[in-house]
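Comments concern the structure below.
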Amino acid sequence: MLTKKQIRHCLETMGEMFPDARCELNHSNPFELLIAVTLSAQCTDALVNKVTKNLFQKYKTPDDYIAVPLEELQQDIRSIGLYRNKAKNIQKLCRMLIEEYGREVPQTREELMKLPGVGRKTANVVLSVAFGIPAIAVDTHVERVSKRLGFCRYKDSVLEVEQTLMKKVPKEEWSITHHRMIFFGRYHCKAQRPQCEICPLLDLCREGKKRMKQKENKK
DNA sequence: AACTCGGGGCA
DNA sequence: TGCCCAGAGTT
């Protein structure tokens with residue numbers, strides 16, 4: 001496990017590697033962000049943005065989403081995987097916003113997670129990106145990077161990864177931290193072919209050192 | 001903890 | 001073709 005100081009160094013380096021790290025999902029208000037993040041599960045944000053470009057022209061409010069038949073909304077997001085369930089969830093979610101939350105996106109994790117299709121990760125993205133409330137959204141990238149570098153233990157659950165990060169990173173940096181780790185994970189510390197050879201963090205990365213040693217033995 | 005949903009993008 | 005993608009819900 002890395003120390004707080006080492007983790008800080010890692011995060012700063014990631015910030016230098018990806019100075020523009022931020023949420024890339026199209027949105028102009030919390031409601032649109034909520035829809036976009038819900039759609040983004042298990043698919044790339046580029047694809048989500050392609051769909052929401054037209055979607056947000058047609059649907060502005062929760063009422064708009066439930067005014068059409070389910071089949072129509074499904075067709076409108078058809079190019080995204082899992083679109084049947086996602087369309088169903090969005091309509092259910094919009095009904096809840098109308099009936100229980102006065103058409104406003106709730107601003108607590110507990111309430112957000114009551115919405116269908118909204119888990120802990122989505123709730124944390126909405127909190128931090130839409131409302132500026134400190135949160136660390138742990139997706140596959142954040143989890144993988146945390147485990148490879150040694151921010152946490154290999155066996156940690158997603159929730160444990162989040163709790164460890166919150167403990168080791170100052171609150172003011174939670175939001176930027178998850179974006180930096182996501183960019184680092186997506187473009188550099190990839191799931192398939194991590195670029196350890198050119199990684200500025202190789203010296204303190206337990207997985208990287210292991211991989212480089214294995215490579216050395218093969219020669 | 002394991003399984004399922006799922007079309008598009010990329011090697 | 002095969003494999004993965006800014007997960008969530010159910011068993």
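What you see is a predicted model; the values in this text were computed from it and never measured. A note on names: the letters A, B, ... follow the listed sequences, proteins ahead of strands, and every chain is numbered from 1.
Using a 4.0 Å heavy-atom cutoff across all strands shown, A:Gly81 reaches at least one base atom of the nucleic acid. Among the protein residues, A:Ala46 comes within range of no part of the nucleic acid, since none of its heavy atoms lies under 4.0 Å from any strand. Nucleic acid contact for A:Arg84: sugar-phosphate only, since backbone atoms but no base atoms lie under 4.0 Å from a heavy atom of the residue.
Here A:Thr122 reaches the OP1 or OP2 of C:dA8: one of its side-chain N or O atoms lies under 4.0 Å away. Contact between the side-chain N/O atoms of A:Arg120 and the OP1/OP2 oxygens of C:dA8 is not found at any separation under 4.0 Å. Within the 4.0 Å cut-off from OP1 or OP2 of B:dG6, at least one side-chain nitrogen or oxygen of A:Asn85 is found. Put simply, A:Ser40 has no side-chain N or O that comes within less than 4.0 Å of OP1 or OP2 on C:dG7.
Between A:Glu24 and A:Gly117, the residue whose closest nucleotide on DNA chain C is further toward the 5' end is A:Glu24. Judged by closest nucleotide on DNA chain C, A:Ile182 is the one of A:Ile182 and A:Val118 placed further toward the 5' end. Mapping A:Ile80 and A:Lys155 onto DNA chain B by nearest heavy atom places A:Lys155 closer to the 5' end of the strand.
A:Glu110 CD: 12 or fewer foreign heavy atoms inside a 6.0 Å radius.
For A:Arg193, whose side chain is taken as the heavy atoms from C-beta onward, the closest listed nucleotide among C:dA6, C:dG7, B:dA11 is B:dA11. Picking from B:dG8, B:dG6, C:dA6 the nucleotide with the shortest atom distance to the side chain of A:Gln42 gives B:dG6. Of the listed nucleotides (C:dC4, C:dC5, C:dA6), C:dC5 has the atom at the smallest distance from the side chain of A:Arg144. The side chain of A:Cys43 approaches C:dC5 more closely than any other nucleotide in the set C:dC4, C:dG7, C:dC5. Among the nucleotides B:dG8, C:dC5, C:dA6, the one closest to the side chain of A:His141 is C:dA6. Among the nucleotides C:dA6, C:dG7, B:dG7, the one closest to the side chain of A:Ala41 is C:dG7.
Of all the heavy atoms in A:Phe183 and A:Arg22, the pair that sits closest is CE1-O, 3.3 Å.
Under 3.5 Å, the side chains of A:Tyr83 and A:Asp76 contain no donor-acceptor pair of N or O atoms. Side-chain contact check for A:Glu111 and A:Thr108: at least one donor-acceptor pair (N or O, by modelled atom type) lies under 3.5 Å.
When each of A:Glu173, A:Met166, A:Lys171 is paired with A:Ile136, the side-chain contact (heavy atoms from CB on, under 4.5 Å) condition holds for A:Met166 and for no other.
The residues A:Asp64 and A:Lys58 are annotated as not salt-bridged, no charged nitrogen and carboxylate oxygen being separated by less than 4.0 angstrom. In this structure, A:Arg186 pairs ionically with A:Glu24, as a charged nitrogen and a carboxylate oxygen lie closer than 4.0 Å.
Rounded to an integer number of Å, the gap from CZ of A:Phe18 to P of C:dA6 is 13 Å. In this structure, the CG atom of A:Leu82 is 10 Å from the C1' atom of C:dC5, given to the nearest Å. Distance, A:Lys86 NZ to C:dG7 C1': 8 Å, rounded to whole Å. When rounded to the nearest whole Å, the span between CZ of A:Phe183 and P of C:dA6 equals 11 Å. To the nearest angstrom, P of C:dC5 lies 18 Å from NZ of A:Lys50. Atom NZ of A:Lys190 is separated from atom C1' of C:dC5 by 14 Å (rounded to the nearest Å). In this structure, CG of A:Asp139 is placed 10 Å from P of C:dA8, rounded to the nearest angstrom. Atom CD of A:Glu160 and atom P of B:dA1 are 9 Å apart (whole Å).
Comparing the P positions of B:dC3 and C:dA6 gives a spacing of 23 Å, expressed to the nearest Å. The gap from the C1' atom of C:dG9 to that of B:dG8 amounts to 23 Å, rounded to the nearest Å. C:dT11 and B:dG6 have their P atoms separated by 16 Å, with the value rounded to a whole Å.
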